[in-house]
Amino acid sequence: MTQAPVISVRNLVVEFATRRGILRAIDGVSFDIMPGEVLGVVGESGAGKSVTGSAIIGLIEPPGRIAGGEILLHGKRIDNLPAEEMRRIRGRKIAMIFQDPLTSLNPLYRVGEQLIETIQTHTDLSASAARARAIDLLAEVGIPAPERRIDGYPHEFSGGMRQRVVIALALSAEPDFIVADEPTTALDVSVQAQIIQLIKKLCRERGTAVMLVTHDMGVIAETADRVAVMYAGRVAEIGPVRDVVKHPLHPYAKGLMGAIPTLEAEAERLVQIPGSMPRLTNIPKGCAFNPRCERVMDRCRIERPEPSDPKGDLSSGAAIMPGHRVACHLYDGGAK
Ligand code: SF4
């Protein structure tokens, strides 16, 4: 891809001040997302995926703060903007889709009113033109009989239909970037697939960049172009989704990929990674995964691995695709 990224995250550090001291929730995360690209961000709860999303959209609440690094939207820094300016960017250039549609929808207002208000905030359209645009958007996200449903209240929609309305709302300002945080977790499996396909299709057509945050590797495999696997506030592995799913390198990513359920063989393929992710108060020195890693070496307990192009132990024999990077000493050329 030769285009410029929509979003660039550079060495992001997010800290939370607590009574026990400063906790580092994100520690040196970097990635780009290109126009029309879906970057899946996956990891266990507490890995830092949602905090990364919140940092990008400027919604880290105190006592949390961005303590280092940069976030750029179309090459311009947005991590240091005054709150009011960031609010405007959030409305216009960046949209959010959360797990619970009622985070985004006001239950007291008809969905049409909410859509029309957002459309009119961002365009010069008259009330009737904005209503027509809202109906078009509802149709585009697959709401049947949109000219009638536009006057319904959120509670009159099923969970899946409500999430479609939220997607219409997110698209109504024609954003360049969408953060979708567990957008399908609350939905039935069959509805999940439809919503995921919808987000993917709309973003492709519109050139919108998407950061899809989920703990579900199956959702990532279906939707994302690239995937970043996060562990304990850092990117353990990042690369084209097919390559990372088929040829995961990092021992943690290997465990996660083993956990992708398939419809036929869900039970057999669920792999458990022994142990659990460390608490932020107790991140191990060196590689944070070392207490759980079957391939741990002495240096893993001392030196922190940085994401880099893999060298050395590519035992799968696979040709690793460009842009596939891993933070693990097994692949930095120094493994014994
Ligand atoms: Fe395991 Fe060492 Fe790689 Fe960490 S750096 S994942 S401990 S082999």
Side-chain angles (χ1 to χ4, degrees), residues 1-12 26-44 47-49 52-53 69 200 203-204 209-260 269 271 273 287-290 292-297 299-300 303-335:
M1 264 185 265
T2 52
Q3 298 150 300
V6 176
I7 278 281
S8 298
V9 175
R10 297 269 167 270
N11 282 319
L12 181 68
I26 302 295
D27 193 2
V29 163
S30 299
F31 55 77
D32 292 334
I33 312 181
M34 308 304 284
E37 183 181 55
V38 179
L39 175 73
V41 180
V42 71
E44 289 164 274
K49 25 188 223 308
T52 305
K200 190 169 169 173
C203 294
R204 269 295 181 281
V210 177
M211 175 176 166
L212 173 69
V213 172
T214 175
H215 66 279
D216 185 336
M217 203 46 228
V219 167
I220 298 271
E222 287 291 317
T223 324
D225 300 295
R226 285 187 306 130
V227 58
V229 177
M230 288 194 70
Y231 189 81
R234 294 179 53 77
V235 172
E237 184 159 351
I238 186 166
V241 74
R242 281 209 199 121
D243 205 29
V244 175
V245 168
K246 282 210 182 121
H247 311 295
L249 298 171
H250 195 285
Y252 176 65
K254 284 189 176 171
L256 270 192
M257 301 314 148
I260 301 178
R269 292 202 57 205
V271 173
I273 307 169
C287 171
F289 189 61
N290 83 64
R292 296 172 78 183
C293 183
E294 286 182 344
R295 304 203 50 192
V296 60
M297 304 168 281
R299 61 187 289 231
C300 304
E303 281 171 59
R304 190 171 86 170
E306 300 299 331
S308 53
D309 295 337
K311 327 187 223 334
D313 179 8
L314 302 177
S315 44
S316 63
I320 299 300
M321 289 173 71
H324 189 160
R325 293 164 71 80
V326 60
C328 171
H329 292 311
L330 290 171
Y331 307 99
D332 63 9

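Reckoned from all heavy atoms, side chains included, excluding hydrogens, waters and symmetry mates. Since this is a predicted model, take the numbers as computed values, not measurements.
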Looking only at heavy atoms, what is the nearest atom pair of [X] and [Y], with distance?
X	Y	answer
Leu256	Val42	CD1-CG1, 4.1 Å
Leu249	Glu237	N-OE2, 3.0 Å
Val235	Ala228	CG1-CB, 4.5 Å
Val241	Ala224	CG1-O, 3.0 Å
Tyr331	His250	CE1-N, 4.2 Å
Val219	Leu212	CG1-CD2, 3.9 Å

Mind checking the [atom1]-[atom2] spacing from [X] to [Y]? Nearest 0.5 Å is all I need.
X	Y	atom1	atom2	value
Asp309	Ile320	CG	CD1	10.5 Å
Met297	Cys328	CE	SG	6.0 Å
Gln3	Glu37	CD	CD	9.5 Å
Thr52	Met230	OG1	CE	3.5 Å
Glu222	Lys200	CD	NZ	7.5 Å
Leu330	Lys311	CG	NZ	13.0 Å

Run the salt bridge (Lys or Arg N to Asp or Glu O under 4.0 Å) check on Glu306 and Arg234 step by step: do they pass? CA-CA 9 Å; Glu306 300 299 331; Arg234 294 179 53 77; 3.0 Å; yes

Taking the side chain as every heavy atom from C-beta outward, state whether [X] and [Y] have any pair of such atoms under 4.5 Å apart.
X	Y	result
Ile33	Val6	no
Met257	Val229	yes
Val227	Met217	yes
Tyr252	Glu44	yes

Is the backbone N or O of [Y] less than 3.5 Å from a side-chain atom of [X], with the two atoms forming a donor-acceptor pair by type?
X	Y	value
His329	Cys287	no
Arg10	Gly69	no
Lys49	Gly43	yes

From the options Pro305, Pro251, Cys300, select the one residue that forms a side-chain contact (heavy atoms from CB on, under 4.5 Å) with Asn290. Cys300

Please report the C-alpha distance between Asp27 and Arg304 in whole Å, then the side-chain angles of each, then the deciding distance to 0.1 Å, and finally whether the side chain to side chain contact (heavy atoms under 4.5 Å, CB included) criterion is met. CA-CA 11 Å; Asp27 193 2; Arg304 190 171 86 170; 2.8 Å; yes

Would Asp32 and Arg226 satisfy salt bridge (Lys or Arg N to Asp or Glu O under 4.0 Å), going step by step from the backbone distance to the final call? CA-CA 10 Å; Asp32 292 334; Arg226 285 187 306 130; over 6 Å; no

